[in-house]
Number of protein chains: 2
Amino acid sequence: MIAIIFLPLRMNKRNTKTKQLILETLKNAETAVSQDILQEELGDAVDRATIYRVLNSFCDDGIVHKILGDDGKYYFAFCVNCTEKKHHHNHFHFRCLECGKIECLPNEVDIKLPKGYRSVNFNGFISGYCAACSPGA
Amino acid sequence: MIAIIFLPLRMNKRNTKTKQLILETLKNAETAVSQDILQEELGDAVDRATIYRVLNSFCDDGIVHKILGDDGKYYFAFCVNCTEKKHHHNHFHFRCLECGKIECLPNEVDIKLPKGYRSVNFNGFISGYCAACSPGA
DNA sequence: AATATTATCGCGATCATGTCGCAATAATGA
DNA sequence: TCATTATTGCGACATGATCGCGATAATATT
Ligand SMILES: [Mn+2]
Ligand SMILES: [Mn+2]
Ligand SMILES: [Zn+2]
Ligand SMILES: [Zn+2]
């Protein structure tokens, strides 16, 4: 593991150890991650502000997408099945109130907007209990 | 206008000028409102913390519902078509990036969760441009 | 390889939204 | 009118996220 694949190449972006670490973590994560989760992984070697800057930079680059959780925190997930121009983020995210796991729900949803309305950002969030943590199980 | 209808009556709730003002504003608003919007309406006569306390109190009473916007702020809307026990909030909310209006989208949505998952909170949010503000119009 | 350029980093300060503790105030009931 | 106590105002606090700036280091140029 710890492959060093990356793609700044364009714009005046530079490839740094920190960016590689964060991108690697995002790729390996099966869930969307927040700054504090990344901080645990990376330790105090990487600054808090830097983590935010890198994550937002990735979003600008179109290789990561950002979700506002219903806990008021931002979560970031590596884009899959997205091209740089066309993203597919119209799915819900689920947060387990017990174990804290964040996951993408499979089905893309299509919300019909009133006439003349134009959608820019989609943010679908459901919290509850996952199968493992569900009290009834 | 400025009708003085209210409904504390039950519990140890008291009817105050501030509560009436806020409830009146919520009813008259065609959109969901945040603390800072209410603050503009009410001026510095009412304290910031009080506005939050009253709004959250209304939520506890079940006469107002609370929405986390995709800008990270809470918005509050007077309940319509809700009973005290059974609420109908599984609809998307739309925020116009130009004029800032928040509105409820009409259709209730039903998201299918993976087997064993249990939903507790639903939050659907779309931001973009409303018909009035849409650049193409 | 040595140097220049400047994107990025670390650090602290700062902002923003929302909450809390507590003494003062005022709405209710007796 | 008086007693009770929910509510208010005010400041402090908590947290997530951003910003300014000098130091560092990735890239380009020589
Ligand atoms: Mn994407
Ligand atoms: Mn409701
Ligand atoms: Zn769980
Ligand atoms: Zn608009």
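In this text, all values refer to a predicted model and were calculated from it rather than measured experimentally. Per chain, numbering begins at 1; letters A, B, ... match sequence-line order.
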N/O-N/O pairs, protein side and nucleotides 1-3 of chain C side, under 3.5 Å:
none

Inset, instruction - May I ask you to evaluate whether T16(A) reaches the phosphate of dC9(C), defined as a side-chain N or O under 4.0 Å from OP1 or OP2? - result: yes
Inset, instruction - Verify the contact: side-chain N or O of K13(A) to OP1 or OP2 of dA7(C), cut-off strictly under 4.0 Å; return yes or no. - result: no
Legend entry - Residue mapping more 5' on DNA chain C - nearest nucleotide basis, D71(B) or D47(B):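 Final value for this comparison: D71(B).
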Inset, instruction - Mind checking D36(B) for me? I need base, sugar-phosphate or nothing, with any heavy atom below 4.0 Å counting as a touch. - result: nothing
Inset, instruction - Quick one: label S57(A) by what it contacts on the DNA or RNA (base, sugar-phosphate, nothing), any heavy atom closer than 4.0 Å. - result: nothing
Legend entry - Under 3.5 Å donor-acceptor, E24(A) side chain and N28(A) backbone: no
Roughly, in whole Å, what's the span from [atom1] in [X] to [atom2] in [N]?
X      : N       : atom1 : atom2 : result
R53(B) : dT17(C) : CZ    : C1'   : 15 Å
Y52(B) : dA12(D) : OH    : C1'   : 16 Å
I67(B) : dG18(C) : CD1   : C1'   : 17 Å
I22(B) : dT7(D)  : CD1   : C1'   : 12 Å

Could you go through nucleotides 14-16 of chain C and list every protein N or O atom that sits under 3.5 Å from one of its N or O atoms, giving the distance for each pair?
none

Legend entry - K66(B) atom NZ, over 12 foreign heavy atoms within 6.0 Å: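 For K66(B), atom NZ is crowded (more than 12 foreign heavy atoms under 6.0 Å).
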